[in-house]
Number of protein chains: 2
Amino acid sequence: MSFVINNDRRMMINAQSKGQLHRGGTIMEYKFSEKVQTLKPSAIRELFKLMVGDGIVALSGGNPAKEAFPEKEIAEITQKILTENPIAALQYSISEGYTPLREQIAEYVKTNFNIGTEEDAVLITSGAQQANDMAVKIFCDEGDAIACDETIFIGSLSAIKANNVKLVGVKGDDSGMLPEQLEEAIATNPIKAVYLIPNFSNPTGLTMPLERRKAIYEVCKKHDIIIIEDNPYGELRFRGEHVPAFKSFDDAGIVCYSGSFSKVVAPGLRVGFMIANKKIIDRGTLLKQFTDVHTNILAQMIVYEYYKNYNIKKHIAEVSAFYAKKSEYMCKLIREKLPKEIKCIEPDGGMFVWCTDTSGKIDIDELVQKLVSEKKVAIISGDVFITNNSKSHSFRLNFTVPSMEQIEYGITSIGEVLNGLYAK
Amino acid sequence: MSFVINNDRRMMINAQSKGQLHRGGTIMEYKFSEKVQTLKPSAIRELFKLMVGDGIVALSGGNPAKEAFPEKEIAEITQKILTENPIAALQYSISEGYTPLREQIAEYVKTNFNIGTEEDAVLITSGAQQANDMAVKIFCDEGDAIACDETIFIGSLSAIKANNVKLVGVKGDDSGMLPEQLEEAIATNPIKAVYLIPNFSNPTGLTMPLERRKAIYEVCKKHDIIIIEDNPYGELRFRGEHVPAFKSFDDAGIVCYSGSFSKVVAPGLRVGFMIANKKIIDRGTLLKQFTDVHTNILAQMIVYEYYKNYNIKKHIAEVSAFYAKKSEYMCKLIREKLPKEIKCIEPDGGMFVWCTDTSGKIDIDELVQKLVSEKKVAIISGDVFITNNSKSHSFRLNFTVPSMEQIEYGITSIGEVLNGLYAK
């Protein structure tokens, strides 16, 4: 039986294969590699078991809304490719990715975000997660360290650890990582790279202002430290002004930019990309070759044709407007229904609202458990996103997946359970 | 400009992105990780530049024939999926792969090849290359060693090296790796795993008989050494009897079996799988999660529907018959047109014919160069498949991609150039 967890980008519970019989020998005692030994099934896996199923209102997800997929257009495009040009879509292809897509990405990010110089190149990856993972592998040997926000996406956190690379959480404020704290971390750790989600970060929803980006950049440049700029949500802005990417002012070639089509086209296609200096992309291309040869070529052609033949700007604007409505509604309800001790960060885009119990009195695990058992509402404890083992006193809410009705029921339920907990 | 090399599973020459301008800073001196520093662009890349282009007859490839793809069926299936069930095909999915496909694979390999016990599980990977790479990562730390044939597929060889794992080439005979030689290698190296392509190996085309498999298995079992059984070509048999897989008698759970749909459905889909003990698959699933989240789900559904609704056995029989004709024709021409000093291994299946100059007098590099410049015929020097830096005195010919006419022209040309070289 398989237990599908439709939240975040990687959760699932052991699925069993049928039709297999035991042969009756003594199974070897496996000695796994050091880095694989340290991999732990995510701490929230067990929680997830309680959290997904019929009748559960999931504010715990990390998926795009199903309404956000251009499914008709993808069906049309795919039919066209597979009837007009099937061999190109089915045969082996080149490791750095489908050339028209790479050129299209280079032009798109240059025109729209001033990203890329003639020193840079594009590598197509199987999602931005692979781009991040490759950047880690390109620059870090086992035992090296990577700096990141104290509170950061669990998938990235686990990917870094899976390389036997140490994570160093750096303190921040509402504008993100603090440059002087980064300086301190660099002085005391073998830091090779800084990992950042500068736009609508997962889980906090925070966006780093330009001045802070420049300050962080200067610190990294001074110490020859790579910046892994993970930007899966950047185009899903529904309030405020665009903030230039690190990569847009990267005159020292220290930024590895990870982009994704998962949030603006469809995540199941697993198409993302890395933009970095050509020397870095050369190493990445070799790694890609030896890891999985190349990314599914049909999916690359689908993304290319979608951008070429349809109005991506309009699609993104529609998705963002759809998410804005949900985010605003969720934040309004939080202000109305949750105790005043709960402060939330209202995001300018992305997919998440981050709530913190400023009193520090609430046991978040208890909140999570009670919500599931008493209200059938799923949320994620902030503790799973913390790089050190401290307590976050926070929880993450997703607004892209639930309907408006589910958002209302969910937030109302959180309010009721919290009121009960504060009254204790 | 992009230079597509349609041979083997990963070759390409640097492709440039358009529309990017230099920003004018001083680019950082990159310090790459140790394992990435040692990655070398394949030695044959430069040769490939000469080898592909208009008018070149390529016997150098490693792709399936374009005639071997069930392109109409794939177009039909894909249309059905994307109209009837688009969200499942486009949304995030689970890391171990599409459950119906995993169950289907488990049943297929059990029924047809007696592979799998109740202790085993299936993990879907992005091609068999990823399954092999994961097996290496699961069992090897940097500095560990893997044993393989002295002459082995360059992609696997590079993948192992990219993990900073040492390759130990083990001598073999016409039945493949010699058990006593493996014993010796184990005694003198920190070998954690043995990598084998037991059926129609790339590049030699050799198949290991059952008795030899059992002898190798016993050596590995005795020393707690994992067998990475890579079987991309196994179903493409066109002569002789099926030989049971290592995995079919694996009572100690030491075999990681890598399978692929690249040669029987389509390689561009990048769908492969690993079958191994559940404890190994658990580690692999975590690695998969942190590397690229999951394999393209549309592609997994396509493979599932193809096996479910079409006659895969008939398709494989047709492809094998098509390849048999080409292989036999190539071998017949080799006997007729090449000097008697050239001995070839006539394969029972797969995609390659391996030719060796028994006199040892021919400079294979010179042969390759002359064939390109004088005859516009591309072949691959056997030297690129050698684990130590010795000379192979061999070359690899592919018969799946070229037409019968191209095979005739190619072998005739090799004969002419060889005759010239022997006459010198």
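Letters A, B, ... are given to chains in the order of the sequence lines, protein chains preceding strands, and every chain is numbered from 1.
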Side-chain contact, heavy-atom cut-off 4.5 Å: [X] with [Y]?
{"X": "A/F290", "Y": "B/N163", "value": "no"}
{"X": "A/T295", "Y": "B/R270", "value": "no"}
{"X": "B/D224", "Y": "A/E29", "value": "no"}
{"X": "A/Y30", "Y": "B/N277", "value": "yes"}
{"X": "B/L82", "Y": "A/Q79", "value": "no"}
{"X": "A/I280", "Y": "B/F32", "value": "yes"}

Option in [options] with maximal non-hydrogen atom pairs under 4.5 Å from chain B:
{"options": "A/I297, A/V136, A/D141", "value": "A/D141"}
{"options": "A/D144, A/I160, A/L269, A/I138", "value": "A/I138"}
{"options": "A/K31, A/K137, A/K192, A/K66", "value": "A/K137"}

| said: To the nearest 0.5 Å, what is the distance between CG on B/N63 and CD1 on A/I87? | reply: 11.0 Å

Identify which part of [X] has an atom lying under 4.5 Å from any heavy atom of chain A, answering side chain, backbone, both or neither.
{"X": "B/D133", "result": "side chain"}
{"X": "B/F139", "result": "both"}
{"X": "B/P86", "result": "side chain"}
{"X": "B/Q104", "result": "neither"}

| task | Could you have a look at B/E76, B/E34, B/E71, B/M28 and say which one has the most heavy-atom pairs with chain A under 4.5 angstrom? | result |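 Looking at each of B/E76, B/E34, B/E71, B/M28 in turn, B/M28 comes out on top.
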
